Asker: 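Sharing a structure here in structure tokens format.
Residue numbers start from 1 in every chain, and the chains themselves are labelled A, B, ... in the order their sequence lines are given, proteins ahead of strands. The structure presented is a predicted model; accordingly, all values stated were derived computationally and were not measured.
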Number of protein chains: 2
Amino acid sequence: MKQPPASSSRFEYAINELRLRIINGGSEPGSLLAEGAVARELGVSRVPVREALFALERDGLVEFSETGRAFVKELSPRDFEELYVLRLALEPVATGLAVESLRKDASALEKNIEATKRASSLLKVTALDLDFHEIILEACGNARLLKLWRSLRSELELWLGRLHRSKQIQTSGTREEIVSAHCHLLESFRTKTTAVCERKMREHILGWREWLPVLFEDE
Amino acid sequence: MKQPPASSSRFEYAINELRLRIINGGSEPGSLLAEGAVARELGVSRVPVREALFALERDGLVEFSETGRAFVKELSPRDFEELYVLRLALEPVATGLAVESLRKDASALEKNIEATKRASSLLKVTALDLDFHEIILEACGNARLLKLWRSLRSELELWLGRLHRSKQIQTSGTREEIVSAHCHLLESFRTKTTAVCERKMREHILGWREWLPVLFEDE
DNA sequence: CACTTTTAAACGGTATACAATATGAAGCAG
DNA sequence: CTGCTTCATATTGTATACCGTTTAAAAGTG
């Protein structure tokens, strides 16, 4: 039984702890997340666990059966496809809205790229990649869009976590590709029109959509 | 104190009851929705009310303060703009995905248009308009997209509800415009390419974005 | 051995209880 | 009268308890 947290709410503690378990594979896909059991393990009562499970369902990390039992989300190619339809619908729009703001201040994106160059593990590289996109979503000034992105990001982290555990991906090549792509995007934000930036982002996402599933196929 | 429900869960009862209050204006925008008070009024305990409030936050009908108190959402022009950015990002994409399926079976859309012609009140007309769009979102085959639409729909209903109470809108003219626009869309689905259908939907939504706020301005 | 039926444990939905905090009004000082 | 402090109350966060249902394993049956 883990230690209940000192500060912050037990709801946040439960949600963070469950996130870690699910994304890092501590709980197998499809396994039951019973309120009582989780509550005992975390050393809190069922109430905050229950709320955490509902919140995680919204983020696509947990599925509920018809009878109200929570399970670790199982991923299918279908899910991947749906996820990328949403990315393709939302991120280019967000990019268009963000361009003006990013043109004024691109320091966050620059720092992110520098950090990516120095990142040691692929896990960190992919996290920084998601950060790069999140910076854009933050800059677009649409709170609903940002909220939505955060939810999509959860699912993406789930995919990447499982991918990372099931395959050894080459860190170096991937890093270079990402850095190069992000530099290219940043340059577009600085010099091109909004419409072009939207298109570049669209192509960037399409590239990943092609690339990611390939790593899954030959298991 | 209202009657606790016979069938279905108290959570669903609470969420439906709160939806009605908020959308129909039973609770003023900005007013506090205290768990205990609502629970007493509905004749249930705080637990299902609490969960209902969290769910309604996700649908944009309720806002939480930093200290965790729930308030009836207040709408600003900013919210309207954000909402329509999302509609414009999502619905054309959904339309493109749905065209093939709608071409095979457009009966749901046809029935909807017929019902709109017969609808007696503007409230019913606007509800049917949202249904029309929901039929398309259902046909697009992307569960995440549909879920998202349902959440946007909640907010749209909130806007329309308040609009309806603050102004008397002419029913007949609005009805004719909607029927005509929907017929035009349906015809496009039957005869045009996917890309054209996406564009038509985009223009359809843009039209409403222009039209709706006008009704607010001169209060 | 395959397929029901039974049954005890597990689980979720909800109510209630209590503690910690936030809130807003009353009282007080300037 | 204005601004700060005090304090009773309202409200949320969390724990615990209870009940009906679901579940899955054991027992029974063909």
Asker: What is the distance from CD of B/E66 to P of C/dT21, rounded to the nearest Å?
Answerer: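 The answer, rounded to whole Å, is 17 Å.
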Asker: Going by heavy atoms in the side chains, are B/L158 and B/K73 under 4.5 Å from each other?
Answerer: yes
Asker: In whole angstrom, what separates A/E57's CD from C/dG12's C1'?
Answerer: 15 Å
Asker: Quick one: is C/dT14 close enough that its OP1 or OP2 comes under 4.0 Å of any side-chain N or O from B/S45?
Answerer: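 So the side-chain polar atoms of B/S45 never come under 4.0 Å of the phosphate oxygens OP1 or OP2 of C/dT14.
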Asker: If the cut-off is 4.0 Å, is A/R50 near the phosphate of D/dT14, judged by side-chain N/O to OP1 or OP2?
Answerer: no
Asker: How many Å lie between CD on A/E51 and P on D/dT12, as a whole number?
Answerer: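 Rounded to the whole Å, the gap is 12 Å.
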Asker: What is the distance from atom NE2 of B/H133 to atom CG of B/N112, rounded to the nearest 0.5 Å?
Answerer: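 Spacing of NE2 (B/H133) from CG (B/N112) equals 9.0 Å.
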Asker: Answer yes or no: is there a side-chain heavy-atom contact under 4.5 Å between B/E134 and B/W149?
Answerer: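 Yes, at least one pair of side-chain atoms sits under 4.5 Å.
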Asker: Find the distance B/E41:CD to D/dT11:P and express it as a whole number of Å.
Answerer: 11 Å
Asker: Looking only at side-chain atoms of A/S9, point me to the closest of C/dT14, D/dT22, D/dT14.
Answerer: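 Out of C/dT14, D/dT22, D/dT14, the nucleotide with an atom closest to A/S9's side chain is D/dT14.
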Asker: Atom CZ of A/F71 and atom P of C/dC11: how far apart are they, to the nearest Å?
Answerer: 10 Å
Asker: Are any non-hydrogen side-chain atoms of B/W159 and B/L75 less than 4.5 angstrom apart?
Answerer: yes
Asker: Measure the distance from OH on A/Y13 to P on D/dG13 and round it to the nearest whole Å.
Answerer: 19 Å
Asker: Starting from P on D/dT12, measure out to CD on A/E12 and report it in whole angstrom.
Answerer: 17 Å
Asker: Are OP1 or OP2 of D/dT21 and a side-chain N or O of A/T67 less than 4.0 angstrom apart?
Answerer: no
Asker: Relative to the 5' end of DNA chain D, which residue comes earlier, A/S65 or B/G68, by the nucleotide with the nearest heavy atom?
Answerer: B/G68
Asker: Once you apply a heavy-atom cut-off of 4.0 Å, does A/R69 come out as touching a base, just sugar-phosphate, or nothing?
Answerer: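 A/R69: backbone/sugar contact only, no base atoms under 4.0 Å.
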Asker: Starting at atom CZ of B/R46, determine the distance to atom P of D/dG13, rounded to an integer number of angstrom.
Answerer: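 Answer to the nearest Å: 8 Å.
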Asker: Checking A/F71 against A/F64 for the ring pair (Phe, Tyr, Trp, His ring centres under 6.0 Å) test, could you report, in this order, the C-alpha distance in whole Å, the side-chain angles of both residues, the deciding distance, and whether it holds?
Answerer: CA-CA 6 Å; A/F71 297 87; A/F64 279 84; 8.7 Å; no
